[in-house]
Amino acid sequence: MRKLFYLFNALLLASFLVALYIDHDTEWRKYQKEFFRAQSAKLEERAASAKSPEEAKALRDQAKGLRDQPVMIRQIIVKDLDAVDRCITCHVGMDEFANPTLKTDLKEQPFTGHPDLKGVVKDHPFQKFACTSCHAGQGLATTAKAAHGDVENWEKPLLKGSLIQASCARCHANFETLKGAETVAMGRKLMENHGCMGCHQINRVGGVISVDLGDIADKPLERVAPYNFSLIQKDGKPLPKEEWKLQAWIEAHLTNVPMDFVPNDPFAKYNKEPIAPSGMPDFTRELPKGGADAITAYLLSLSHEPIPSTYFVAAAPKPEPRFGSAVEHGRFVFKKYGCAGCHGVDAKEGRRNYNALGPGQPELASVAGDEGKLHEAMSLGREPTLPETVGTYTREELRAKIQNGVPGSAIVKYNPDGPVPPLYMPPWKDKIKGAELEDLLTYLMSIAKKDDLGF
Amino acid sequence: MAETASPTPSSTQANGGGNGFKLPDFDTLKKSVVDSQVWRSIFRGGVWKDTPRDRSAHIIGNVWLHLHPVRIRPRALQWTFTWGLGGISFMLFLILTVTGVLLMFYYRPTVDLAYQDMKDLEFAITLGKLMRNMHRWSAQAMVVFVILHMVRVFLTGSYKKPREFNWGVGVLLLTLTLFLSFTGYLLPWDQLAIWAVTVGTNMAGATPGLGNEGPFSSLLGMRINNDVRFVLLGGTIVGENTLLRFYVMHCVAVPLIVGVLLILHFWRIRKDSFSAAPIDPNEQKVEVWPNLIVREYIAAAGCLLAIMLWSIWMNAPLEFEANPNVTPNPSKAPWYFVGLQELLVYFDPWIAGVVLPNLIIVGLMAIPYIDTNPKGVGYYAWKERRFANIQFLLGVAMWFILIYIGYYCRGPNFAWYWPWESWLIQQAPPPPTWSVFGPKGDASLPIWLGLPVLGLGGVFAMVGPKLIQRELPELKSTLLFILAMAAVAVIGNVAFGLPWLQGFWLVFFGSLYFYFGFLLPQKYIRGLDWTRYLVTMFLVVCTMGVLLKMGARLGFQIKYVLTIPALSLNI
């Protein structure tokens, strides 16, 4: 008994010491010590080769100041932004109190200084903006993995590369003309050019076929089914689980064929009625290089989280565009309302509309028994290719069609037992009116294919 | 005693003259300290001489130890009698109190700050993570150990006369342990927390009469904003008020009640004495100090050590910050309530969430008064208490089977997923359910047929075993019954196309009922007086009824055996 008594007491003490050691043995302590050592050594080096004794003394004082710094958790607290950011605990070169110049001679992370000290840092002092308001990540964390948000149960990982421009656009309403925000401005432009607004609203401006993207950056990760994440492909492989985050979800809509990872239930296996796969068109081929990244950056800027008014930068009103001809104006109207979303850029080719009628579909009877072939045939369903169809309408008929739209239930299905096609023509009569409508009609009539006789 | 040149003025009793100071020897020094007025005012008794008188005085004179007797029978000291389970439960309560108080220094129970404080504990506070882990794991362990303690007390018959009341106190303590754990579940304010508490408190909303979704609630004018759930939540959803209420209940109100009951529980053990058998009046008792105290200490130290190591190894879970607008799929209650949540698959919320748990609590408390078997007090009596042990262990096993199913076999939409199946795979919808007796359109057969059939069945289930006063051969009749059921299954298959799996289900659940619900009561309690017999049989039939309903739902897709929507009665 007595032996057990001593043994247990010894083990208890030992386990407590182990716990204390583990608690103390943190990566940030190592980083801080290493920074103070290496940076002060560099300063001493520079002091040794300094030109004047004053300069040498200043450098030595600076080095001593660094060596005398205590090793501790360092944080920037910004009440207005609800930020408690401990990033400078490891990135200690960016702590204004430990390293007042904010410059470091060290090139590797986490010891580097912040780039562009004279520009972006001067305009966004750390004490007013903290870190996560631009970079995202988990400011409270003190381990690299957790702080960068590469852990489960953290919604917002670090915005890497040009994605960080999403943060510029949150406050800068003038981001389209802002220096340094070129990527996110391009994202906005691409959304207009490719007709995203035809289906998606952004804060209630745009089409109503799909979700409003105005607060897409706030979408809770748990709203995305893990099942859908598991179907996303990245570089030919399934998306690794650590990357099942919102930015990957948004980007996948542009780098994957949305139908492939949102297959839904076209054969009514899990539901009473068949549900068509995602109606979002395949943008993988038509976006320019970097386009998916740019659009992702822009979408990540769309949040309804309030920003303090003092952080907001207003934009100057855009000049009203002028047009030389009705056709030119009509083409602009076509783009403005996102018609390209369904009818293709410059109305060249109608996009996929699952289970609608489309060119090249085989006889239904020939594929009826085979689920795979049937799915393929239903995937060939298309929205109208306007140059081929508008010619069959009179101007008045076309006007009525645009004004009243075509509801999903009125679209002829290829497979009558299959799902309702996901895309449809919404009624535009409240949005496109007057000169816009007339010029749009003129434009559409002008692109109609003419047969050999000119009709 | 060595001569020293050091001019230490420490010695007050420099014996011997000379120029130098002499260090006093240890014994003299000790005596002078012990005899000092300060020491004597704090500790009674003089220098420890390890006499029987000293050892007794140590127990009697110490406020912390005096709940112990001075002497104890050696039989009660054996590890294999108590397994230290009650003591370990108490030690876990102490660990929880200490770590809990430490956590309270850092934790602010508000919606804006609670989750941030969890992050601070993890990332910025010295030993914060260890404290939270220890608190979390001790809480889980306490639930387990209190249940194990109850099982041990049952198996050694230690609840029997004169200890009936203390068993009841113990049952209350078990309930409060679960409630303490449940109230603590909310405090981290993550998704796990609010949805587990939402599931739990929604069950309270189904209380008959008092919850707005329970039967007869309109009689008392219950609405969503004045019923028992509203009182618990301080609102209609889990929010700021709920967090504050749960915090106060968790940190102050419930621990106070538990503390009071613990004192009562310990005092009654002391007064009712240990149950360990055999009780021999001539037995030579041994001293509690050090024999019992050292064992208690070692159990407590072992417990603390295990919790420490476990907490170093495993981190307490923390999910996304709570978001009342996003419901995880599936949302599950804390594991010890997942069994009740699983019961929701088979019964209406007011039965699964209110009636059955209350029946379990009341049934447990009733055990000492309905178990008249005088044998098996103070030792593990398998043969002499066969009926009591089997029925009790069956109940405990069912509790944990329900927890297992709810925890490991339920995936998105609470659909059945085997533990090895990925939740990423979509599942076809389950086959449609049907009801046996009920109004037209809802069920296959009418209520007027169901009431007498089920009523007569229930009466026979209750009374039947007592009516047959002849001893039935256990093995033979069981085998005969299984064969008969198998014949029914085969005929069902051949004549009516009953699938083999359902046939097996029929044999399995039928035989379980026959053995536990009919044969064993017939064999062991047919001689009991009518009151005790009926109470016992009511509990047995309820347990078996739950089992049969599970079989009916899982094997035959029967939603309700009897449904009377007008009375909110669905079973």
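Predicted model, so just to flag it, every value in this text is computed and none were measured. We name chains A, B, ... by the order of the sequence lines, and we start the count at 1 in each one. Atoms considered below: every heavy atom in the structure, side chains included; atoms not considered: hydrogens, waters and symmetry mates.
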Below 4.5 Å, heavy-atom pairs only: which of L318(B), L305(B), V294(B) has the largest tally toward chain A? L305(B)
In terms of heavy-atom pairs under 4.5 Å, which option from P290(B), A301(B), P412(B) contacts chain A the most? A301(B)
Greatest number of non-hydrogen atom pairs under 4.5 angstrom with chain B, of L11(A), V18(A), L7(A), falls to L11(A)
Nearest-0.5 Å distance that lies between atom [atom1] in [X] and atom [atom2] in [Y]:
X: C134(A); Y: L158(A); atom1: SG; atom2: CG; value: 11.5 Å
X: L299(A); Y: I250(A); atom1: CG; atom2: CD1; value: 5.5 Å
X: M142(B); Y: I307(B); atom1: CE; atom2: CD1; value: 11.5 Å
X: I194(B); Y: L186(B); atom1: CD1; atom2: CG; value: 8.0 Å
X: I298(B); Y: C303(B); atom1: CD1; atom2: SG; value: 13.5 Å

Between [X] and chain A, with a heavy-atom cut-off of 4.5 Å, which part of the residue counts as in contact: side chain, backbone, both or neither?
X: I125(B); value: backbone
X: I312(B); value: side chain
X: L304(B); value: both
X: L130(B); value: side chain

Compare every heavy atom of V92(A) with every heavy atom of A98(A), then report the nearest pair and how far apart it is. CB-CG2, 4.2 Å
List the atom of A196(B), the atom of P334(B), and the distance in Å for their closest heavy-atom pair. CB-CD, 3.6 Å
Are the side chains of [Y] and [X] in contact, using a 4.5 Å heavy-atom criterion?
X: K285(B); Y: I72(B); answer: no
X: P263(A); Y: L231(A); answer: yes
X: V288(B); Y: V70(B); answer: no

Proximal component of [X], with respect to chain B [non-hydrogen, under 4.5 Å]:
X: L140(A); answer: both
X: L20(A); answer: both
X: F16(A); answer: both
X: I22(A); answer: side chain

Just by distance, which donor-acceptor pairs between chain B and chain A come in under 3.5 Å?
from	atom 1	to	atom 2	distance (Å)
K119(B)	NZ	Q138(A)	OE1	2.7
D120(B)	OD1	R86(A)	NH1	2.9
D120(B)	OD1	R86(A)	NH2	2.7
F123(B)	O	T142(A)	OG1	2.9
L127(B)	N	D23(A)	OD1	3.1
L127(B)	N	D23(A)	OD2	2.9
Q191(B)	NE2	E222(A)	OE1	2.8
Q191(B)	NE2	E222(A)	OE2	3.4
Y297(B)	OH	N9(A)	OD1	2.7
L318(B)	O	N153(A)	ND2	3.0
N325(B)	O	R223(A)	NH2	2.7
Q426(B)	NE2	Y227(A)	OH	3.1

Sequence neighbours excluded, which residues qualify as side-chain hydrogen bond (donor to acceptor under 3.5 Å, both in side chains) partners of W48(B)? none
